[in-house]
Enquirer: 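To start, I am sharing the structure in question, which I have written as structure tokens.
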Amino acid sequence: MKPIQVGLLGIGVVGSGTFNVLQRNQNEIERRAGRGIEITMVADLDTARARAAVGPNVTVVNDARAVIANPDIDIVIELIGGYGIAKTLVLEAVAAGKHVVTANKALLAVHGTEIFAAASAKGVMVAFEAAVAGGIPIIKALREGLTANRIEWIAGIINGTTNFILSEMRSKGLDFDVVLKEAQRLGYAEADPTFDIEGVDAAHKATIMSAIAFGIPVQFDKAYVEGITKLSSQDIKYAEQLGYRIKLLGIAKRRPEGIELRVHPSLVPSKRLIANVEGAMNAVMVQGDAVGTTLYYGKGAGSEPTASAVIADLVDITRLHTADAAQRVPHLAFQPNAMSDLRILPMADVVTSYYLRLRVADQTGVLAKVTGILADADISIDAVLQREADEVSGEEANQTDLIILTHDCAEARMDAALARMQSLPTVLQSIVRIRKEELA
Ligand code: HSE
């Protein structure tokens, strides 16, 4: 049978990785797919770069629409990224009857509903394994491997840049700004790292996972997003003394009232495997009612790890493209007519436990006042630690850090208690609040 022909839009790091791995492993891949898979056309504005990456036997153009218009192309890979031209081109490829493989988490988290509807109407597949956690086959696991389960929650380290920064802050005791610069120097963080450090990239991925875990539409606009820019190495140190590490987690959790969808720094017990995922690595925990807790670990970015996911999608499509569309795995794991309307809960309704750090005057009765406010709010304390703050001296020497771990309570209740504590004259700085997930 003639090889399936693939057109590639955008040949940067992941595109060239995809080309190279397809070439290197073509026999293995063909034995699995039942048919050869060849990238025969590449579009990139930088045609010289594209030519250098793919050699003389591939058609190189600077116009993505020439790829979409080519009747010989069966599958289009979109590796341009972003919500702009990438969206137009994906919709045009779908309209032209092409199957699409994309690594574009931003596009799917924001416009997935429109794109999947267009693909279903046209009877084509839009595959996106590479959009979440790079080389980890988490989409496959959620959509197929765990299909027997009622998924209860997902918690993932799904941004390598921030995990690298947090790991360095913890192991070297360095501040965020210092480590960010180092991460940029080493190529772990981009020149404009905003999407990574502000949690947006992780929220895109959490949004996609929430949709396929619970059969709800992608709703990035309802996700709570908080990055790591305000974390201090002091809190990382205190957390460690209490037996926790701080990780940027993407969390999607089913509750009777709705779905929690949130990205923020979280204390995680150091004894959990996921707390020990360090550097730029990713890991995702999934809790299913039948299977229990599962954990998926690997590289969340990079040329060949991401290519591994892109090619897995190419193989899936190659096997399934002649199948009746109704027999294929639905884009969001659940049949389009069986989607749930469970709402995404506002942050005020989220239930979690907390780490609080208060810089207080070291005076009689301060602890009693603080714990009294928590008791009034019916917030139960799990642990308390008092530490002489490292950097205080002279006039400030009569200050101390009060660190409190709480049990679960609704965020709205904690917000109200925090406001009361903050107004105490003996609380001298803004209170630090970091959420805590036991992941038990
Ligand atoms: N910038 C992402 C990360 C990789 O740091 O994990 C692509 O999503």
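The first residue in the sequence is number 1, and the count goes up from there. Read the numbers this way: they start at 1 and go in the same order the structure lists the ligands and their atoms. Because the structure is predicted, anything quoted here is derived from the model rather than measured.
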Enquirer: For Lys205, is the nearest heavy atom under 4.0 Å from an atom of ligand 1?
Expert: yes
Enquirer: Does Asn159 approach ligand 1 within less than 4.0 angstrom via side chain, backbone, both or neither, non-hydrogen atoms only?
Expert: both
Enquirer: Between Thr352 and Arg262, does the side chain to side chain contact (heavy atoms under 4.5 Å, CB included) criterion hold? Intermediate values first, please.
Expert: CA-CA 11 Å; Thr352 186; Arg262 47 193 172 100; 4.2 Å; yes
Enquirer: For Ser233 and Asp175, test the side chains for any donor-to-acceptor distance below 3.5 angstrom and give the result as yes or no.
Expert: yes
Enquirer: Show the atoms of ligand 1 that are less than 4.0 angstrom away from any heavy atom in Gly160.
Expert: 3 (C), 5 (O), 6 (O)
Enquirer: Please report whether ligand 1 has a polar contact with Ala301, defined as an N or O pair separated by less than 3.5 Å (distance criterion only).
Expert: no
Enquirer: Is there side-chain contact between Gln241 and Leu385, with at least one heavy-atom pair below 4.5 Å?
Expert: yes
Enquirer: What I want to know is whether Tyr188 and ligand 1 share at least one N or O pair that is separated by under 3.5 angstrom.
Expert: no
Enquirer: Over 60° means perpendicular and under 30° means parallel, so tell me whether His111 and Tyr83 are parallel, tilted or perpendicular.
Expert: perpendicular
Enquirer: Are Lys299 and Glu304 within salt-bridge range, i.e. N to O under 4.0 Å?
Expert: no
Enquirer: Should you measure from each heavy atom of Asp201, which atoms of ligand 1 turn up under 4.0 Å away?
Expert: 2 (C), 8 (O)
Enquirer: Starting from atom 5 (O) of ligand 1, locate the nearest protein heavy atom and write down its residue, its atom name and how far away it is, to 0.1 Å.
Expert: Thr161 OG1, 2.5 Å
Enquirer: Salt bridge (charged side-chain N to carboxylate O under 4.0 Å, His left out) with Glu437: which of Lys247, Arg272, Lys253?
Expert: Lys253
Enquirer: How far is atom 1 (N) of ligand 1 from its nearest protein heavy atom, and which residue and atom is that?
Expert: Asp196 OD1, 3.0 Å
Enquirer: By number and element, which atoms of ligand 1 are closer than 4.0 Å to a non-hydrogen atom of Lys105?
Expert: 7 (C), 8 (O)
Enquirer: Quick one: do Arg185 and Glu182 make a salt bridge, cutoff under 4.0 Å?
Expert: yes
